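Remarks on the structure that follows.
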Amino acid sequence: MSDAAFYGPSSTLTIDLDAIAQNWLLLKKKLQNGADCAAVVKADSYGLGAEAVSRTLFLQGCRHFFVAQYAEGLKVQAALATVAKSFPHSPVSGAPVVVDAPVIYVLEGPCGAPPTEFIQSGLVPVLNSPADIAVWRAAAEGVGRKLPCLLHIDTGMNRLGLNGTEVAALAADKETWAALDVRYAMSHLACADEAAHPKNAEQLDLFRALSATLGRPLRLSFANSSGIFLGPDYHFDLARPGCAIYGISPLGGSSNPMQGTARFEGRILQSRTIDRAGSLGYGAGYAVTPGQKCVTVSIGYADGYLRSLTGRGKVYIGGQACDVIGRVSMDSIIVATDHLTCQPVAGDWAEIIGPHQTVDDVAAQAGTIGYEIFTGLGIRTPRLYIGGAA
Ligand SMILES: *Cc1c(COP(=O)(O)O)cnc(C)c1O
């Protein structure tokens, strides 16, 4: 049978903004003691689209957004400007007053732009080192007012943030402290996805001790997605979930309380029946015999379907699991379909991520984590949004 001609996209990534909103609301509901719930939208919301996600969550009441980099922050800010409500005029001065405006924090710190530009943007940097603090203090002195910032205290990641010695030095430096408008002191958990890991309690104790030396009142931010599930001791004033909003499981091992948010599908380009003994794919490493049936799907490592899925990947066609056979190519994979009663034709779709297979399932096949799968999805796949505020 010859393949029918078809037209349309080679792959699609359909993002359910209602599911994203519901995941965020579930996380928010879990928070105790009045803790606020932020949204981490770095890396284009883990590949799913920071603009649509930020707008959707803003409309659900989210007011704290975290990005990694300055340029990401500007993008989110522009997106939020289209939905942020503002009263036209202040009753007193006549100046516009933004009600309940969103705040966008830049995890990398103030390095993304010259200080005057950074201040102008209104983005809030996370100060990760004494050098960052010096830059922000000088900038504050330059403009003659305290400047908002977050202060990152390292409690065991040894990645970013002040160590204990540096926190003590800052606590003793009243002038520097007075120049900073520290909105939150934050720290980051290294093993929150392993609830029983002793490092969690160690970091918690150290965070309490180090933040206490800076004096009160000081609001605190500690938990990422997994940290929220470690219980109210970890909630403090502001939680910073990322992965769980997007449906990646925050609970390593146990069942996922979050709902899936994305469907990643590839188009079937060809359906074939092998007519002579040989092999398929690069490297000729997969042997085939006459009569074998397979299809070629328009997804490859350029789309984020990792080459390490060679020999291990599965896709779903018509709701049935099919093995990926032969090497993953740049633009395509080959999928065994002998066991299907109805052979697919060109133009049909194969589900890579969706109702039958989660992003965590694909990550497990590839020997990585859902975060890497989502953030690695290629830019040539069009993002289609359903629900929410795209
Ligand atoms: C990425 C990140 C988060 C979000 O982590 P998830 O595990 O995705 O919830 C929170 N805080 C910091 C500092 C981060 O870098």
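Computed from a predicted structure; not experimentally measured. Read the numbers this way: they start at 1 and go in the same order the structure lists the ligands and their atoms. We're numbering straight along the sequence, starting at 1.
Checking only distances, Val40 never comes within under 3.5 Å of ligand 1, N or O to N or O.
Taking every heavy atom of Arg159 and a limit of under 4.0 angstrom, the matching atoms of ligand 1 come to 15 (O). Here is the list of ligand 1 atoms found below 4.0 Å of a heavy atom in Tyr46: 1 (C), 4 (C), 5 (O), 6 (P), 8 (O).
Within the structure, the closest approach of Met157 to ligand 1 does not fall below 4.0 Å when heavy atoms are considered.
Evaluated by nearest non-hydrogen atom to atom 14 (C) of ligand 1, the leading choice among Lys42, Arg240, Met186 is Lys42.
The pair Arg380-Asp331 meets the salt-bridge criterion, with a side-chain N (NZ, NE, NH1 or NH2) lying under 4.0 Å from an Asp/Glu carboxylate O.
Within the 4.0 Å heavy-atom criterion, the part of Leu107 lying near ligand 1 is the side chain and not the backbone. Contacts between Glu108 and ligand 1, counted as non-hydrogen atom pairs separated by less than 4.0 Å, are absent for every part of the residue. When heavy-atom distances to ligand 1 are checked against a 4.0 Å cut-off, Pro241 comes that close only through its backbone atoms N, CA, C and O.
No donor-acceptor pair closer than 3.5 Å links the side chain of Asp18 to the backbone N or O of Gly387. No donor-acceptor pair closer than 3.5 Å links the side chain of His235 to the backbone N or O of Ala35.
Ring geometry, Phe65 versus Phe58: the interplanar angle falls under 30°, so the pair is classed parallel (tilted spans 30 to 60°). Between Phe222 and Phe207, the angle of the ring planes stays under 30°, which puts this pair in the parallel group of the 30/60° scheme.
Atom 9 (O) of ligand 1 has Ser225 OG, 2.6 Å as its closest protein atom, hydrogens excluded (heavy atom only). Nearest protein heavy-atom neighbour of atom 5 (O) of ligand 1: Asn224 CB, 3.5 Å. Distance from atom 7 (O) of ligand 1 to its nearest protein heavy atom, with residue and atom name: Tyr371 OH, 2.7 Å.
The closest side-chain donor-acceptor pair between His188 and Arg240 falls under 3.5 angstrom.
Not less than 6.0 angstrom separates the ring centroid of Tyr246 from the ring centroid of Phe374.
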Donor-acceptor contacts under 3.5 Å from residues 156-163 side chains, at least two apart:
{"residue": "Asn163", "atom": "OD1", "partner": "Thr165", "partner atom": "N", "Å": "3.1"}
{"residue": "Asn163", "atom": "OD1", "partner": "Glu166", "partner atom": "N", "Å": "2.8"}

